[in-house]
Undergrad: 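Just passing along the structure, written as structure tokens.
Every heavy atom of this structure was used, including side-chain atoms; hydrogens, water molecules and symmetry mates were not. A note on names: the letters A, B, ... follow the listed sequences, proteins ahead of strands, and every chain is numbered from 1.
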Amino acid sequence: MKNNILIIGGGPAGLEASAQLQRMGYNVILIEKSPKLGGHLAKWDRLFPDSVQAEEVLGRLLKGAEGVKCFTDTDVRAINRLDKSYNVRLTNGITVLSDAVLVASGFDLFDAVKKEEYGYGIYDQVMTNADLEAYFKSGSDRRIEKPGKIGFAHCVGSRDEKSGCRSCSKVCCATAVKQAIEMKQAFPDAEVFCFYMDLRLFGRHYEDIYLKAQKEYGVRFIRGRVAEVSENYDGTLLVKAEDTVAGKPLKVTLDLLVLMAGMRPSASGKAIGDLLEMSVEEDGYFAVRSGIAAGQRSPIPGIFLAGAATGPKTLPETLADARAAAMEVDRYLTEIFPDAKNYKQLVRERW
Amino acid sequence: MIYEGKQKIWSDYQKEIPDDHYFYVRSCIRQSFFPASEATFLDITRNKLGKDIFETEHHTTCGGIAYHSDTIPQETVMTIIARQFALMAKNGYENYVCSCITSFGLYCETMETWREYPELEAKIRENLWKSCKLEFAKPKFLIHASDLIYKYRNQIAAQAVRKLVNVHTGEPLKVVEHIGCHYSKMFPSKGVGGAEYPYVLVGMVEAWGGEIVDYPERRHCCGFGFRQYFIKGNRGYSLSNTHKKFESMEPFKPDLIITNCPGCPYFLDRWQYVIAESTGKTYGQDGHGIPALTYEEVAGLVMGYDPWDLGLQTHQVGVEPLLDKMGVPYDPSKKYLGKNGKDIGEPLPCACLK
Amino acid sequence: MVDFGFGLVPSSRINLDLFDREKYEKLVAMEPDAKICMACGSCTAVCTAGQFTPTSLREAIEDVFNAKDDKALEALKACQLCGKCSMVCPRGINTRHLILSITKVYSKK
Amino acid sequence: MTPLLYLLAIQAADPEVIDRIPSGYSHFVIPFTVGITFMLCWIGVGCVRLLAAIPKADRIKFWKSLLIPKTIVKNLRDLFGDCLFHVKIWMRKPLLGYMHSAIAFGWFMLIVLGHIEVALFVPARLNVTRGGLFYPIFYRYFVWVNPGHTTLRGSFFFFLMDFFLLYVLSGIALAVFKRFRSIVLGMRHTTKPSLADRIALYSLWLIFPLRLLAESFTADLSGGSFLTVGVNHFWHFLFGDKLWFTPCWWAYSICLGLFFAAMPFSRYMHILTEVLWILLRNAGIQPNHPRKGVAEAEIYACSSCGLCLDACPMNVQKKNLKYSSVYFIRFLRRHNEKKINAIADKCLMCDKCHALCPVGVDAPALRRAQRATVNDTLPYDYSYLPLAVPGSILAGETTATLGTLRGGTGASLGDASGGAERSEAVERPKVLPGTVSNNKVLYFAGCMTHLTPRIIKSVEKVFKEAGVEYEFADRDGGICCGRPLMLAGKAEAASKVIEANKKLIEGSGCGTLVLSCPICYKIFKEEYHLEGIKVVHYTQFINELIASGKLKVEKSEKKIVYHDPCELGRGCGVYFEPRAALDQVGTLVKAAKEYDESVCCGGSLGSLTLDTRDRAKISESSLENLLAGDPETIVTACPLCLKTFSEAVSNSRLPIKNVAVKDFAEVFCR
């Protein structure tokens, strides 16, 4: 049963699905548009809630996917649906005839420049969550030099219709709490503020790190979204928000502001969606057959979805989603795909 | 401050500004407080740059002050605006340029409302017909007078006799720009440079050799706020707003404030006097204030207009230190002589503000 | 000075730059639970004194953080230390001691 | 012939005892004399200072009390019972009681008998100028027994002295043993001695063996009985005739001297201070400062015996041992402000250490006084109280005034609807002056009961069933009773609350006030002084309803264990009524520790600083204590205990099977 399966996207979802499908005996081809596998995970330092090294998690994913045919720096050029399979032409010149395609195109981080009032890219001391992770990895950033007061602005590009995203990005609250703790660990004398609208710490152990941030690290949580940021004469930042609990506007001078950029649908994923004429929902993420019962099936037979391509997900959710997608692919390739005679009817009934 | 970051945003917010043929409407406040500014605008555009700027004595207020003070309903104000548009069309113009930011905001608001609710536009059309027997056409381009000066900034620079530079040190003057709230805060796309980092005045200052200063409270209102000023009991509130801006810009030691709104130069100017006289605090050098000028006045200064012809004597904050810095020649004895040499009267000296 | 019949009005804005960290450190050394409030408001809802006059531990903690020391004391001055708040606090904050500690650290005497 | 007559006959003969050393002095007495002189001076000055620090009225009260026959009897009983026989310890832990009484009473008898001997045989030596200070102590050294004239009288005293020495030695042996294996004597934890304690302790241990050594060495000269003479023969058997007794007497004297010199700085100061404390206590003088005046006598009366260590419910965790009363008192003595405050604030105020203290040191009261030094002066504003309680004024007026009050202070909230809701709440208290006739009952639930609505519901059900006519004083919320403020050391603030509540209660015109919260009950009973109003706890009230047949109950086989709430049991002495009532509806089983030894549930308002985790540990141990008799139902009569145990049962890691936690009134609801 050596069916070809093309997996688009070499992030955690793509890697995990590859590993599972390969274990089931399929011939998996994984393509990744960037030169490196791992997606955003490869750029992250530590992960909430237990502060495990991202590298360690990625290492395990890569190990699991050993043996998978993998093309990096590769995108999809064209895709044609044959009778049941897909003929996919890749940018590296190779053409793959694939019986199932799994789109694990992930997400893009919201471009914080678009929140003009926060001055990312304009004020010297404003950075994003991704910048901070890069700092944790490399140990250097021109913006960070013994900051005395550090702010974290939650919901940057999330829950913000004007920024084109009504929904919550799920991971930012926990990431902000994690990063706040890490900054306190790095700079114990610093004062750290988190500006949030709602703290959405829904997962297991998430509330624990919130409590830890308050109790052990004295992180101050202010309920109120950062409204505007300005630069003072000395280069520090003047941050304004409302403390909605106190019901009063608030200002504070900060040495560093970290913007918790949220998740947006991946632009390259959208390009693939366009090639496939696959529908997206209002939020820009791919539509699924059924949000509850069939979250890994696209509306097109043989095209599967996993990970943040179908909306913001935490890493454990993404991996679980990838495993579920692998099961769905297997079910399709064993129950529906081989029956050439009744294929169309089976698709109608079971897709 | 990362300049390239701002440039990127500026490039995102560019609007189309036709080169010529405008129907010009004046500002109620500016006509009263800084009449020379509008005269200078017309002189520069018509005589120095040779543009076709038409104005008619039949236009009225846009109704903005009454509207924002909650004294007339929206339909009324829209009908007034429709009448102005009718005058433009009647005179064969498609490009509408207004001197006032309140008007500009209101025109934008009206046009956007009509776009969303065409039935309202139809109703206003009917109102206008019933009341004035006029029919209007919406302007093809609606711009603010500062947009136009922004458009001509390089031509003006080419004709300039001096730059926004301290002639004694050779350093560019530090200029604070203040944009009227209704210029782009309601519709960022309608303003040059958007709402967060408007470029309209920055472009002028840069073209004329000055240096722009970004201070934390730059977005803040000048304190006019319509009702806040008109009712005496609220005036402390208006004053406190302006005070906050001055406190914020003080460390940057600006030489000049440039504005593009009727109320702003007025409040940024007069409240400096009130703050000085009631608290003793001044924000300029050696007990002086910071001159708050209109963009036309600044353009006039670089183009070599006589400061008293530009109406700079009507400012509460003395402009002499600025003129000295810029090397603008002026005759102190003629400061309070009006258009035809008539004595317009000298104000009493201030106790705190020089 | 000239009286114009109006003048500058004080700002109601919270200025976190005025936060007295030294005093706060003293407070948390006395009662570390000051750090773990999540502003649920249960304490205020059950408050015995709060039935009659505005009393709120939640608000007082907020005020302490927001450099409004006088307001914090104001929010606690009617407290009868009955302890209902300690029973309902989901984080198990030692509310009575926190109230005493805030009063101790921030009162002018 | 009676022995007495025989004794008298002998007295006329040759002197039985001869002053061996005519000067009646030897250098070895110096250490002892110096030590005891120092100690006596110290205690003399201390007594004067202490009495001077007591307010004048109290001082007069004290002197007068010494003349009141009833107090004299009580004083004598307590002095013998507490100081010498240690009756309280005997009753709880016999072996430990034996140890303490052996040392205290034995030593006391040795001193008394020693002086009697001197008085009988060499009376001149009792004079202080002729060595009266030391002579009776070292009597055996200074005398020679005329071998030809040994009398039965002499032998009798020899016997008594040897007997009591042996008695003391047995106590000392136990004490030494206790140092290493305290649990055998019923103590899990013992106090950690300070340096002075150690010096005094080791001296004390050595005093009596050395005395035996010294007296046995000289026994062939100065006589002795079964012990000293027997040991003397043993020495002769070992060493022949060469016995150098002088070093032994030196050693004995040095140990005594060391002991007395170290005494003022050690726990053994209690031996003498206890007397003063008992007299002051029985005079009814209360401490108003944690260190000065009466408190000083109290803290020096503490023997550091460490019984409070095991009593303290906090000591379920070893880290909390340092918060026990014994250490609190030790740090009070040392003026260690930081530690005093920390310990004072930590305590649950369950009062068990006080109840179990052999000398009745009221450490919780001292803690309250200590808290007061910090908290009593903290600012507060209760100006709203008179308006919050409608008892004193007509209800209508109250509403109006309160409305204004709220309008004023509540304006900052800027919430019109909230304001309306609030003023509506004000109108509700329905207890109008004079509406309740004198035989009517007023029920006051209190703050905490409002968090446990099942208590209110059950109480009302029981009242209804028994046909009790009652008014509910704080159905829609009232103000606090003031006890929590008292516990926090804010007595002045508490008095304001008390005053306001008093007006409400007295204004209601009720004859009986029923309280379901022991915290309220204690303060209503002790501090409110409600004229003509019977203040009862609902356990007492319900018990009465059952006894009078108004409330019908049915006995069941259900095994019930009753938890004594601290404020009700130890606090107010109500142990009997709740049990009597419960016995009518179920089968009472015993908890491991009950009555005044009951273990605090951990939810007490007494502690200011104990955190939730520590409290949970206490609750768990308290729960374990209750489960000893394998009950089906835990019944308590306090809203705090109820809430605490309910949570403890659901959070417990103990293998609990279907134990229900019920309020007292709930049990009587059908």
Undergrad: Taking the side chain as every heavy atom from C-beta outward, state whether C:Leu16 and A:Glu191 have any atom pair closer than 4.5 Å.
TA: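 Counting from C-beta outward, C:Leu16 and A:Glu191 never come under 4.5 Å.
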Undergrad: If you draw a 6.0 Å radius around CZ in A:Arg204, do more than 12 non-hydrogen atoms from other residues or ligands fall strictly inside?
TA: no
Undergrad: Would you indicate whether A:Glu55, at its atom CD, is surrounded by more than 12 heavy atoms from other residues, nucleotides or ligands within a distance under 6.0 Å?
TA: no
Undergrad: Check C:Glu62 with A:Arg223, please: is the shortest side-chain N to carboxylate O separation under 4.0 Å?
TA: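 No, this pair does not count.
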Undergrad: Under a 4.5 Å cutoff for heavy-atom pairs, which residue among A:Asp189, A:Ile222, A:Leu199 has the most contacts with chain C?
TA: A:Asp189
Undergrad: To the nearest 0.5 Å, what is the distance between CD1 (C:Ile36) and NZ (A:Lys212)?
TA: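 Result: 15.5 Å between the selected atoms.
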Undergrad: Applying side-chain contact (heavy atoms from CB on, under 4.5 Å) to A:Tyr217 and C:Lys35, what does each step give before you reach the verdict?
TA: CA-CA 9 Å; A:Tyr217 296 97; C:Lys35 298 192 278 190; over 6 Å; no
Undergrad: Name the region of A:Leu254, side chain, backbone, both or neither, that has any atom closer than 4.5 Å to a heavy atom of chain C.
TA: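 Neither; nothing under 4.5 Å.
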Undergrad: Would you say NZ of A:Lys137 has more than 12 non-hydrogen atoms from neighbouring residues, nucleotides or ligands within 6.0 angstrom?
TA: yes
Undergrad: Closest heavy-atom contact between C:Ser12 and A:Lys248?
TA: O-CD, 3.3 Å
Undergrad: Do the charged groups of C:Asp17 and A:Lys149 touch, with an N to O distance under 4.0 Å?
TA: yes
Undergrad: For a side-chain contact (heavy atoms from CB on, under 4.5 Å) check, start with the C-alpha distance between C:Arg91 and A:Leu211, then their side-chain angles and the critical distance, and finish with the verdict.
TA: CA-CA 9 Å; C:Arg91 280 268 172 97; A:Leu211 183 61; 3.3 Å; yes
Undergrad: Do A:Glu242 and C:Arg13 touch side chain to side chain, with heavy atoms closer than 4.5 Å?
TA: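 Side chain of A:Glu242 against side chain of C:Arg13, heavy atoms only: no contact under 4.5 Å found.
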Undergrad: If you count every heavy atom of other residues, nucleotides or ligands that lies below 6.0 Å from A:Tyr233 atom OH, does the total exceed 12?
TA: no
Undergrad: Got more than 12 heavy atoms from elsewhere within 6.0 Å of CZ, C:Arg21?
TA: yes
Undergrad: Does A:Gln214 use its side chain to pair, donor to acceptor, with the backbone of C:Cys37 at less than 3.5 Å?
TA: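 Checking the backbone N and O of C:Cys37 against the side chain of A:Gln214, a donor-acceptor pair under 3.5 Å is found.
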Undergrad: May I ask you to name which of C:Tyr24, C:Phe19, C:Phe65 has the most heavy-atom pairs under 4.5 Å with chain A?
TA: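 The residue among C:Tyr24, C:Phe19, C:Phe65 with the greatest pair count is C:Phe65.
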Undergrad: Give a yes or no on this: more than 12 heavy atoms of other residues, nucleotides or ligands lie within 6.0 Å of atom NZ of C:Lys26.
TA: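 Incorrect, the count does not exceed 12.
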